[in-house]
Amino acid sequence: MHEMKAEPRTGTRLYAVDNLRVALTALVVAHHVAVTYGNIPLWFYTEPAKDGSGVLLDLLVMVNQAFFMGFFFLISGFFTPGSHDRKGGRAFVRDRLVRLGIPLLVFLVLLRPLVNFGGLAERPGMPYWQYYLGSWDPGPMWFAEVLIVFGLVYALWRTRARPLDRRSVPLRLRWVVLYVLGLAAVTFLWRIPVPTGSYVPVLGLPSPQCLPQYASMFVLGCVAHRRGWFESLPARAGRLGFAAAGLSTAVLLPAAVLTGGAVSQAAMALWESAFAVSLIIGLLVLFRERFGGQGPRGKWLSDHAFTVYIIHPVVLVALGYALRPLAAIAIVKFAVMLVVALPLCWWLASLVRSLPGAKRVL
């Protein structure tokens, strides 16, 4: 099949994308709950697993990491050209700095002290101001940092080049395959100087080894907006996407785990690229076909999703301390926290957005 035959383009708002943002935000919460109780201690509060179920949580973290933040950047890129078209260059830049910069500063100044105080207990005698500066990290708001940079680069590009014209162009299968192979190759080369597990201090990038995926997904989102790819992907592409995601996992992930050196790294880069692209295509079609509408509840969830992303560390750390006395295996504590955290995050987000002036930013 040389071309993915296009479905008619509707020209209406893609509520499916809004619904996807809700689902991905919930997945971010689940991801950090899994980190809390798994064996990857990269969170503000952790209880390392003392049983075998922690491996399942680690697997969830690895699978999520392969695609979900790249998906966020794809969606962000999708909305970028239209925002620039409506507002113009200066207003677009100002809007990005307000809607991303202010939440970033709020997290750093107000919320971070609420979630990282546990580390101070491990450094008796250290003044808090010294600990605060020494542990400087934007937490999950690294996403806002990178988006600000991507937005500024896009605005600069628009001052020097004409944007793509808006017309439907069917997404061809060979383009998808070439992108997967190209992304895998660039990722493999990128991870020679920036191996998995790298960390960028101050900026707080937890996964700089994935930057090729993030940047290219943002660019693809911009192109998808102009070419109507989200709206016109055929239903068959969704089924093929899910099948390819499963097949790539069955073949490439064992190869990455069971081998070593460059072979393992190449297999992992290829798996992440193939899995991410395939699953994203599958989810885009699934949500467009099955979850393409939005009622009052869906709108409420969508309106508060970004605020949930900002404040969820406070909720998870508080619940971590509250559930500390609970004697249970890791996956049970994961389930208990997640069931409580999701509605609590959205409820707290609704309170935050009800503050005077909050909706201008959030």
Side-chain angles (χ1 to χ4, degrees), residues 25-62 64-65 68 103-144 199 204 206-207 304-355 362:
T25 302
L27 192 58
V28 168
V29 177
H31 183 90
H32 290 136
V33 176
V35 174
T36 300
Y37 293 116
N39 301 292
I40 306 173
L42 298 175
W43 189 238
F44 299 107
Y45 173 88
T46 59
E47 289 183 29
K50 298 179 180 179
D51 60 87
S53 68
V55 176
L56 297 176
L57 300 180
D58 297 339
L59 182 61
L60 173 63
V61 170
M62 182 179 68
N64 282 349
Q65 187 62 57
F68 77 139
L104 173 62
L105 291 175
V106 167
F107 183 88
L108 288 170
V109 175
L110 298 180
L111 301 185
R112 195 171 71 92
L114 299 178
V115 296
N116 77 337
F117 63 87
L120 184 61
E122 302 173 4
R123 298 165 177 81
M126 178 180 288
Y128 180 75
W129 68 266
Q130 185 177 348
Y131 169 70
Y132 177 84
L133 294 177
S135 61
W136 186 269
D137 187 309
M141 291 305 289
W142 68 267
F143 176 64
Y199 176 78
S207 52
H304 299 317
F306 182 52
T307 309
V308 168
Y309 185 93
I310 298 167
I311 57 94
H312 81 274
V314 177
V315 174
L316 298 192
V317 169
L319 287 176
Y321 282 104
L323 295 173
R324 197 168 194 169
L326 177 63
I329 63 174
I331 201 165
V332 170
K333 297 195 78 168
F334 163 82
V336 171
M337 181 185 281
L338 186 61
V339 168
V340 177
L342 286 175
L344 187 56
C345 282
W346 257 273
W347 174 75
L348 183 59
S350 69
L351 294 183
V352 171
R353 293 189 76 243
S354 68
L355 297 174
L362 304 172

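We're numbering straight along the sequence, starting at 1. Side chains are part of it too, since the values below use all heavy atoms of this structure and drop only hydrogens, waters and symmetry mates. Computed from a predicted model, the values in this text were never measured in an experiment.
Of all non-hydrogen atoms in M337 and L319, the two that sit nearest each other are CE-C, 3.8 Å. Shown here for L316 and H32, the closest heavy-atom pair between the two residues is CD1-CB, 3.7 Å. Between A349 and V308 the shortest heavy-atom distance is CB-CG2, 3.7 Å. V61 and A34 get closest at one heavy-atom pair: CG2-CB, 3.8 Å. Across every non-hydrogen atom of Y309 and P313, the tightest pair is O-CD, 4.0 Å. A pairwise comparison of heavy atoms in A30 and L338 identifies CA-CD1, 3.7 Å as the closest pair.
H304 meets the side-chain hydrogen bond (donor to acceptor under 3.5 Å, both in side chains) test with W300, R353; sequence neighbours excluded. Considering only residues two or more places apart in sequence or on other chains, I329 meets the side chain to side chain contact (heavy atoms under 4.5 Å, CB included) condition with D51, S53, I331, V332. In this structure, the ring-ring contact (aromatic ring centres under 6.0 Å, His included) partners of F68, at least two apart in sequence or on a different chain, are H31. In this view, I310 and P103, L111, M141, F306, L362 satisfy the side chain to side chain contact (heavy atoms under 4.5 Å, CB included) rule, not counting sequence neighbours.
Counting only heavy atoms from C-beta outward, the side chains of L323 and Y37 approach each other to under 4.5 Å. Counting only heavy atoms from C-beta outward, the side chains of V317 and L114 never approach each other to under 4.5 Å.
Contacts classified as salt bridge (Lys or Arg N to Asp or Glu O under 4.0 Å) and involving residues 308-333 (residues at least two apart or in different chains) are given here: E47-K333. Sequence neighbours left out, the pairs with a member in residues 316-337 that pass ring-ring contact (aromatic ring centres under 6.0 Å, His included) are Y45-Y321, F117-Y321.
The aromatic rings of F44 and F107 are tilted relative to each other, their planes meeting at an angle between 30° and 60°.
A distance of 12.5 Å separates CZ in F143 from CG in L104, rounded to the nearest 0.5 Å. Between the OG1 atom of T36 and the CG atom of L57 there is a distance of 9.5 Å, given to the nearest 0.5 Å.
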